Number of protein chains: 2
Amino acid sequence: MNIKQLSKKLGLSITTVSRALGGYSDVSKKTKERVKKFAKKYKYSPNLNASRLASNKSNTVGFVLPLYGLNSNQLNQSSFFEFIAGMSKKLNNENIHFFMFFANNAEEEKQAYNKLIFVEKVTKIILHNLKTNDDRIKLLTKNKINFVTWGRTKDLKNYSWVDLDNQGSIELIMQHLVEKNHKNICYINIAESYNFAYQRKQGYLKSLKKFNIKYTNKYYITITNEEPKKSANLIKKLLIKNKKITAIICSTEYTAVGAIKACNELNKKIGKDISIVTFDGPVIERITTPALSAIVHPREQLGIKAVEMLLSMDGDNYKHQNFLAKPKLIDRGTIHKVSK
Amino acid sequence: MNIKQLSKKLGLSITTVSRALGGYSDVSKKTKERVKKFAKKYKYSPNLNASRLASNKSNTVGFVLPLYGLNSNQLNQSSFFEFIAGMSKKLNNENIHFFMFFANNAEEEKQAYNKLIFVEKVTKIILHNLKTNDDRIKLLTKNKINFVTWGRTKDLKNYSWVDLDNQGSIELIMQHLVEKNHKNICYINIAESYNFAYQRKQGYLKSLKKFNIKYTNKYYITITNEEPKKSANLIKKLLIKNKKITAIICSTEYTAVGAIKACNELNKKIGKDISIVTFDGPVIERITTPALSAIVHPREQLGIKAVEMLLSMDGDNYKHQNFLAKPKLIDRGTIHKVSK
DNA sequence: ATATTTTACCAAAACGTTTTGGGTGTCAAT
DNA sequence: ATTGACACCCAAAACGTTTTGGTAAAATAT
């Protein structure tokens, strides 16, 4: 069933049918309703290729999902899932298409963006995993693509972004810990080459200052991609050398599991002798014992926001917006009070 | 740059340019090369909407990814990632498009398949997470969609499929254990409503028969979605009640973590007093101690195979194929030898 | 030398929409 | 009665390809 056949059934011109379905004002209400009724009845759905060709609009948002190196660099798959869920919810609602390329290596990833722009002719893209100085921003700007990023570059240039409040997350944890009289708080971060890790460190430093605690590099460790398996040992050594430590903050679940192991081996009771706080993921609640207190990020909401921003952009006609998601701290009982 | 402009530059007709790029035999080799060179030079890439409209071919494979209930029903996200990676590798190579819908609930999922067929007009789909009696197979068959499934229904009807060898996996484990003189082997499966769980049970039963070991329901437990947190306790009780048990097979990583905990609490040394074997996932190697021996499935290869099959189908012109992936058992040292 | 086949190209139609640039009839205002 | 505004509808052009149904020239066969 195409528009020609449908218009015949209706006794109307193709034009009128098209404009009725498009909601134009030069079609009477009565006709509009009749057309829509018939369209439903005969299961008419416009040929998208013809429609896009004629209108020169793709009505599509593009996204590139890297399928490589996900676990190995400790970026959790589930965080992608949550963000994608948010995007797709919003897009499904708005009847906008969601076109996703999958990249199995860096080369494919680069190609994917080019394909999105030059082959698929997508005009709206959501970017993520920002590098400190990201080539893609130039590429998109140059080709007049509307885009919103998830994450920020170090030098916040002129673009729209949504992000988790990484700095605020650590500040929230620190606040909570200090209120319970913790003073010897160590932080196991991941490599600072990730901008979000850098932001988190800033939160750590800022909080220390705020609460008049001296920074010592003995309490601040970064764990690289190759070390996740060894993190338990690293933390064990740390705890042995620095007996005063009463709280450990871990930037990833896997590290937190290492911290649990270290504490067990040293016979330190978590939630009594020592506190552990980390960032939420699928593993914690399901398989760690005890279930750890953790920062929860509204990643789905972030996906929704990103799409909202993107859709509000209209060619050149928009102002840059941004959105910083508020973190929550869920205390599952692994934070204890230190006696003064 | 469109085909008209390009043909002008070349001094050729639109037809010839189109057919040159399409590789038709009624264009001379010389011209073909010249056209391709120019196309590259001027970065010409055919307008996909026009091309699809004219040729009435979408050259697209459809897939629906459910974003809901993934963790809660113990189906690991990473298994999807690996399968998708396989599909996208093959599709990228063949220059076929990969169209994915994301479903945030059962309703959206159902809709997604309808959209793929009636709106996107995709003619090739890859199906997965098969139910025992799956409506989608009817839908696709009725609408003459070429499809390949990942997984099988109970009553294997007439369709092409790829699958992990679930039955064979358990048989492989059992073989290995029996060779090391294990006789009291318990198996913690997940709910048999998942067809793959059912298949695994068959493997367990078949192996017991083969090795003349009597089946007892004391040794076979299924863990439902609600119990993953409690699995440690379940297994602990099991071990206390049945002191003879020397080996535990777990169908999921999370359960295996529970088994570790149970053994620790009972002071049973894993790999010395008791063996644990499970199915591979991202958690095991990274955070369980010890790293467990496990069945590894070539999920990426499965994705590649599925696409290969699908592309080899040509409308009505094909024979049903299938592919059963061979499992591997990686022994990381948690399987011990029992003295006779 | 003529007939036949093969090679290499092309004009025009087709795909199913949206958009452009109208048109006609009705109603209120003059 | 005429004009202008408005409501409602339409024919035809346009979008950028692929495919159809050719033709002319060159190569081969008779």
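Bear in mind the structure is a predicted one, so any value in this text is a computation, not a measurement.
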When you measure from the centre of the six-membered ring of Phe83(B), is the NZ or CZ of Arg299(B) closer than 6.0 Å and no more than 45° off the axis?
no
Would you say the side-chain atoms of His97(B) and Glu120(A) include a donor-acceptor pair closer than 3.5 Å?
yes
Using whole Å, report how far NZ of Lys30(B) lies from C1' of dT7(C).
14 Å
If each of Ser18(A) and Asp26(A) is mapped to the nucleotide of DNA chain C with the nearest heavy atom, which maps nearer the 5' terminus, i.e. the 5' end?
Ser18(A)
Residue pair Gly11(A)/Val17(B) against DNA chain D: nearer the 5' end by closest nucleotide is Gly11(A)
Within the pair Thr31(B) and dA8(C), is there a side-chain N or O less than 4.0 Å away from OP1 or OP2?
no
Specify the closest pair of heavy atoms between Leu140(A) and Leu127(A), including all atoms of both residues, with the distance to one decimal.
CD1-CD1, 3.9 Å
Can you give me the first and the last nucleotide of DNA chain D (5' to 3') that has an atom within less than 4.0 angstrom of a non-hydrogen atom in chain A?
dC8(D) to dG16(D)
Expressed as a whole number of angstroms, how long is the span from Arg34(B):CZ to dA8(C):C1'?
13 Å
What integer distance in Å separates Lys8(B):NZ from dC10(C):C1'?
16 Å
Taking all heavy atoms of Lys121(B) and all of Ser58(B), pick out the closest pair and write down the distance.
O-OG, 3.9 Å
If you look at every strand shown and take non-hydrogen atoms under 4.0 Å, does Thr15(B) touch a base, only sugar-phosphate, or nothing?
base
N-O pairing of Lys29(B) and Glu33(B) below 4.0 Å
no
Starting at CD1 of Ile14(B) and ending at P of dC10(C), how long is that distance when rounded to a whole Å?
11 Å
Phe81(A) vs Phe81(B) aromatic rings, parallel, tilted or perpendicular, using cut-offs 30° and 60°?
tilted
Remember a base hit wins even if backbone is also touched, and classify Arg19(B) as base, sugar-phosphate or nothing at under 4.0 Å, heavy atoms.
base
